[in-house]
Amino acid sequence: MADAPRVYRQRERQVDARAEGAPDHLDGLNDEQRLAATASGAPLLIVAGAGTGKTRTLVHRVAHLIETGVRPERILLLTYTRRAAQEMLSRAERLVGSASRSVQGGTFHATANRLLRRFGPAAGLPGDFTIMDQGDAEDLMQIARATLGVAQRNKRFPKKETLQYLYSRHVNTERSLDALLHDEFPAFVDWQKDIERVWGDYTRRKAERNLVDYDDLLLFWALMLDQSPELGARIASMHDHVLVDEYQDTNALQSRILRGLCGANGRLTVVGDDAQSVYSFRGATVRNMLDFPAQFTGARVVTLERNYRSTAPILDCTNALISRASERYSKRLWTARTGGEKPWLVAARDESQQTRFVADRILELHEEGVPLREMAVLFRAGYMSADLEIELARRKIPFDKWGGLRFLEAAHVKDVLAFLRILENPRDEVSWYRILLLMPGIGETTARAAIETMAQLAWDSGAFGRYAPPPRARPAHDALVALLEAMRNATPTDYAQVSADIARVRTMYDELLRDKYDRPEPRLADLDQLQVIAAGYPSRLEFLNAIALEPPQGTQDLAAGGADQEDDVLVLSTAHSAKGREWDVVFVIWAVDGFFPLARAIGDDDQVDEERRLMYVAMTRARNHLFVTYPIHTYGTRRGADYTMDQLSRFLDRGVRETMERVALGDNDATAPPDTSPPAQPVDLRALLRGRFNA
DNA sequence: TTTTGAAGTCTCTCC
DNA sequence: GACTTCAAAA
């Protein structure tokens, strides 16, 4: 408490030095924002429409709390990405100085990780656990599934992905397996008992192998809070204020954590927009927002409706789009930014014309002075930008693709990480299994036998060396033992140790890659990149944690090793990853039924609604120019087309189209119909081939 | 028991 | 068009 006033005075001096009539930090906020930033005491829900200065308000609230004497380290700021937390804290720093640096911030999962490392040992969870990502969890689920033999008995038993999905849903939504099966997988209701047995085995294996999955991070946090009065009280007492961003995308479990953390009438601030709820596949529910006043007694609700981001024509369009949704906290966004052109609705003949339009327009706007980094191309799913990426590369337009965790999900990257993980946690069965299967001469049976032996030897670090492999696996076994031995003996204090670890793994692994692929180069390049990233971390454990919890958002982040890049680079992004960002110019491509909304969502009203909100998120990212494009013909090149009649997205109905400028791209660059008349000088193709191969 | 090749499946969003 | 699963060969 003692240093808070000092912070305040420090800021005053800074401000005084800068200019006379220095603005109070609340200046520049409108009435609602100011109310939200300064409200005290009771739980607070800020309903903030797109572009209404949500981040700004939250930043000012943090600043206000600090200025009114709250110690920064006693403020917890939960955001959706690490990037969002960093951005907010650096903005807060500009308002109240460096004190804000000690505000605790991060994602729910990263915060859970911090707490578990610290308090886990007091709750029966060793502090050196390994975090599994979703793919690892699926692999372990597969091991459990195979071990129990349920898959053989039941021909149509859920696959590992489904088992993992159901488990995750069960944990995050707090709904029973029975209910989930009835709602989403009626075909599997009869297997409920077997699914529970697989889950049981999965849970046992995680405990034995010191593994923790994403869902456990949250679940353990919640359990510490409400199953252990003493521990719960200690954790809850660490913070005086908790602020949560993107509240519409939190789930039932996260809500329970917040109740445990703040109590029913605690100092909790949440910000969200029900119209932008797009993570129901992760168990998120707008119920958290709708029920907030009921769950937190005496809660105040402040609504922000003035949009500062977009021009009036863009806002008219997005307002029309979202008005079709069954929104619960109704709000009418308005703006003073009159003028500007209507959003374009661009009909292209096919994908390549759509691509050319986007690339052309980007170059034109760039010519006119819009930096590339102020433009973004958004789409429903990662693969939809493939054609555009090729074209951009051809035209030498630099871009940075966000979204999708492709890099870390790539098999070769996971393989290399598995080596680091078994060094960190010798009991990591998932990683052992993965590594063993890579080795020539070792298949499923041998891998299992080796793991079984190691388990019997209590996972001693030399246990693998004492396993006696069948003759055909001898060379591989020897090589692996030697490699692990060498890595264990490496001085752990080496600078760039993690990077060196990877280099050692590669002395063996690169060969395997070369054997497996005809073109190993791109994969080898990925591993080079992994080494560069790893060099930025002081230890294996921190590197592995960071990789699991804070995956780099785009390729640019990777290349820069986490540092900020000043390069002027265009952004390509999934609509999901674009959440919370804004650009001068935004292109939304593939506005076609079957693509946006995705075909698989069609037929389920709730899912279609979510797709609509997702398109709303995409379109509301635009400040000055918005282009929505759709190819008229998709030529069935993609499966989505099977379910569609190549129609414009259903979300752009008449009312919405009226707010847009319709543009049909001319056929001037269309290829002429093929000339089918026979050539004057026929050629004998077969003869040419015979000649070439002496056949 | 492992490897290989062929048939078959399903395509997303992310911590 | 990539990845998994299944069946047969080594």
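Every chain is numbered from 1 and lettered A, B, ... according to where its sequence line falls, protein lines coming before strand lines. Please read all numbers here as calculations on a predicted model, not as lab measurements.
A salt bridge is absent between A:Arg621 and A:Glu582: the closest approach of a Lys/Arg side-chain nitrogen to an acidic carboxylate oxygen does not fall below 4.0 angstrom. With salt bridges taken as basic N to acidic carboxylate O contacts below 4.0 Å, none links A:Lys160 and A:Glu138.
In this model, the phosphate group of B:dC14 is approached by a side-chain N or O of A:Ser577 to a distance below 4.0 Å at OP1 or OP2. In terms of phosphate contacts, A:Arg600 brings no side-chain nitrogen or oxygen within less than 4.0 Å of OP1 or OP2 of B:dC12.
By the side chain to side chain contact (heavy atoms under 4.5 Å, CB included) test, A:Asp136 is found to be paired with A:Met132, A:Asp133, A:Lys414, A:Arg421, A:Val430, residues two or more places apart in sequence or in another chain being considered. For A:Phe587, the ring pair (Phe, Tyr, Trp, His ring centres under 6.0 Å) test picks out A:Phe627, with sequence neighbours left out.
Of the candidates B:dC12, B:dC15, B:dT13, B:dC12 carries the atom nearest the A:Tyr383 side chain, counting heavy atoms from C-beta on. Here the side chain of A:Thr107 is nearest to one of B:dC14, B:dC12, B:dC15, namely B:dC15.
When heavy atoms are screened at a 4.0 angstrom cut-off, A:Leu218 is found touching no nucleic acid atom at all. Nucleic acid contact for A:Pro440: sugar-phosphate only, since backbone atoms but no base atoms lie under 4.0 Å from a heavy atom of the residue.
Residue ring and nucleobase are stacked for A:Phe281 and B:dT13, with a centre distance beneath 5.5 angstrom and an angle between planes beneath 30°.
Contact annotation: the side chain of A:Asn251 never approaches that of A:Thr173 to less than 4.5 Å [non-hydrogen atoms, C-beta and beyond].
The gap from the P atom of B:dC12 to that of C:dT5 amounts to 15 Å, rounded to the nearest Å.
Heavy-atom distances under 4.0 Å link DNA chain B to no residue of residues 609-620 of chain A.
Distance alone, capped at 3.5 Å, is enough to place a donor-acceptor pair between the A:Arg613 side chain and the A:Ser277 backbone.
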